[in-house]
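The shown structure was predicted, so the numbers you read here are calculated from the model rather than taken from an experiment.
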Amino acid sequence: MSMHGGGAGGARLGMRSMQRDRKLLAHRIKKGTLPRILTFARPYRSILTIFLVAVVLDAVVSSIAPLILKEIIDVGFRFRREGLIIWLAVLTAGLAIVDAILSLFERRISAVIGEGLIYDLRAKVYGHIQEMPIAFFSRAQTGALISRLNNDVVGAQQAFTDLFSNVVGNFILVVLILGTMFILSWQITLVALVLLPVFLLPARYVGRRLGTMFQRGMELNTEMNMVMSERFNVAGAMVVKLFGRPMDELRTFESRAGQVRDMGVRQATYQRFFFVAMALTASLATAFAYGFGGVQVVHGTLKIGTIVALTAYLGRLYGPLTQLSNLNIDYMSAMVSFERLFEVLDLEPMIKESPNARPIPDGPAELRFDAVDFSYPGAEEVSLASLEAVATLDDTPRTAVLHDVSFVVKPGTMTALVGPSGAGKTTISMLVSRLYDVDGGSVRINGVDVREATTASLGATVGVVTQDPHLFHDTLRANLVFAKPDATNVEIEGALRSAQIWNLVVSLPLGLDTVVGERGYRLSGGEKQRVALARLLLKSPHLVVLDEATAHLDAESEAAVQRALDETMSSRTSLVIAHRLSTIRNADQILVVEDGTIVQRGSHAELLVAGGLYRDLYETQFAQQER
């Protein structure tokens, strides 16, 4: 039987239950966890009821077969009743077919429930993670998030469905088997129960050891996978090759893989001990049944068929009993998996749409910063220790990054931000698209505080291109239409032409259907930058933020793209972190940022005459571009 069979299959299920960290049993489940779990099961109440009925029927059918075998031997064989033998044989075959159908039906229903739960949990957690602010992603380990969506979701689902089937199916099966065995021979049944500790005690010891080894094995596998994931991406592989360290990396990997191998050998040895202990206990009980029962058969107090039936029941007894004895571990495993998922779901997003949000008025955009103060949020506000692979989050106090920043960017004008590294230029640009919320003051677009704007209207109004734009591992077309899903081929071509990259696209064998590779690494830095610019132009926002968006372009490409941007954004408001002299010369307003505050503002000519920090920056960063 698929869900609660005895023998080796049941033993494997028992082993899976035992391979849990023993700390599970000491874990205190948070109040309200079980009711929350039941909310996910509520849509499956009807089908879950059908599933449990099928499990009970399967247990009943499974317990009948030894009795039929007993009748065949004690009545059919003894009295040579051919008709009865044939009828019982047909009945046995029929029950086997019913058992097979029930098993398939159980598996189908279990899959529907299980996969449905996986879908519901994943969608819920994924959607919640998407609502997290950028500060959350800057701290959380990607692997830890993926683990929640994979390992914890699947673990919760398996424990949930298996817990139901094992509790009901195994309990019914054990009751039926023991009841029938007592009726057939209470003496042999008692001996079978007396021998049970001979198996369970060493099995529990092995289970505890396996729990520790299983946890360590998971850690070793994680360490090995981290080595592979870091070295197999383009950036990691490039570092290894540039520093000529492939053999050193091989030795590092061999060390990690060797530890995984050694732990696997130890686990396999202990697992075999478990199976040997179970087989030995079953063999001892069977030997006693044949010995004691055989003597009774000789004396005429017991029939041969009864002995055969008892030994068949013994083979089916220990697996379900083992699973029931480890029920508390299964339960705790399910609870812990769900708790880890709820831990993520309970982390409130710092940035979310206001209940009274209103759309930003369409049309030319005016950007206004009014006395903005800002400091990056602390770890406890945006993250979880378990997602950062640390015991406790750091408690470093907030440090102010921006102080009393005020300026206005009029519709259709360009404002450039200049200043030394770390002055706060990129922070200002991120506040425009509400990647973070200000601590004091406000950021307004067309008179609407971005904290009070609808997410959709803010996303439609503001377009951003960063210094290192991200392209998905997909086709050029897919990366472009991410900005505008209903874009036509004409619009796509127009955006690519404006970004000065259309000629490259048409030269590719697959054109727009060319896959750009992980993070767009199949393209050069300048090509990737121009694709990102084309994506921005396709979106056609009213307010454009360019964070050194032409930094990766050579002079010729930058000049071409700059002309395209000047033409395309002539009617748009733009905030640009300056990288090239041409950018700041074309700006209607230049803001000089130092230590999180605006220390100078004006046009290029005005600021040169005024001297100060801008003139120093010009002479060290920009003057050589004139030569």
Side-chain angles (χ1 to χ4, degrees), residues 15-16 18-24 129 134-155 206 208-273 336-337 340 343-344 379 382-394 396 467-474 515-525 528 552:
M15 287 302 299
R16 185 186 62 200
M18 287 188 175
Q19 291 175 355
R20 305 290 195 271
D21 188 353
R22 62 185 301 182
K23 290 184 293 185
L24 281 173
I129 290 175
I134 199 67
F136 171 83
F137 296 98
S138 69
R139 300 192 64 96
Q141 287 186 321
T142 303
L145 289 174
I146 294 174
S147 177
R148 296 295 168 99
L149 285 169
N150 286 334
N151 299 341
D152 286 317
V153 167
V154 173
V206 172
R208 287 194 295 268
R209 294 298 303 272
L210 274 171
T212 303
M213 286 188 288
F214 184 74
Q215 182 184 24
R216 180 56 182 157
M218 291 291 290
E219 293 172 355
L220 291 173
N221 268 289
T222 299
E223 292 173 6
M224 183 180 69
N225 291 336
M226 284 290 291
V227 172
M228 291 189 290
S229 63
E230 289 182 351
R231 272 61 172 183
F232 285 175
N233 64 58
V234 177
M238 186 177 296
V239 170
V240 172
K241 293 184 180 300
L242 290 176
F243 284 88
R245 298 286 300 276
M247 294 309 298
D248 292 336
E249 287 301 314
L250 175 59
R251 282 189 288 271
T252 299
F253 179 77
E254 286 176 341
S255 174
R256 296 282 195 275
Q259 291 177 307
V260 173
R261 174 201 61 202
D262 296 340
M263 186 57 65
V265 171
R266 292 181 63 192
Q267 287 181 337
T269 302
Y270 274 85
Q271 286 175 349
R272 179 50 56 187
F273 180 88
V336 169
S337 291
R340 284 168 57 84
E343 182 184 33
V344 176
V382 296
S383 187
L384 297 169
S386 58
L387 294 178
E388 296 189 29
V390 295
T392 57
L393 292 171
D394 67 75
T396 304
Q467 183 176 0
D468 184 23
H470 182 87
L471 298 182
F472 296 108
H473 186 80
D474 208 331
V515 176
V516 300
E518 182 183 2
R519 295 183 58 84
Y521 272 115
R522 292 183 64 185
L523 302 175
S524 70
K528 185 168 67 170
H552 290 298

Please round to the nearest 0.5 Å and tell me the distance separating atom NZ of K528 and atom NE2 of H470.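 The NZ atom of K528 sits 8.5 Å away from the NE2 atom of H470.
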
Can you tell me how far CE of M247 sits from CD of E254, rounded to the nearest 0.5 angstrom?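 The CD atom of E254 sits 7.5 Å away from the CE atom of M247.
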
Could you pull out the closest heavy-atom pair between F472 and V516, with the gap in Å? O-CG2, 3.2 Å

Begin from the C-alpha positions of D474 and V515 and carry the test side chain to side chain contact (heavy atoms under 4.5 Å, CB included) through to its verdict. CA-CA 5 Å; D474 208 331; V515 176; 5.7 Å; no

Could you tell me whether the side chain of T252 and the main chain of D248 form a donor-acceptor pair under 3.5 Å? yes

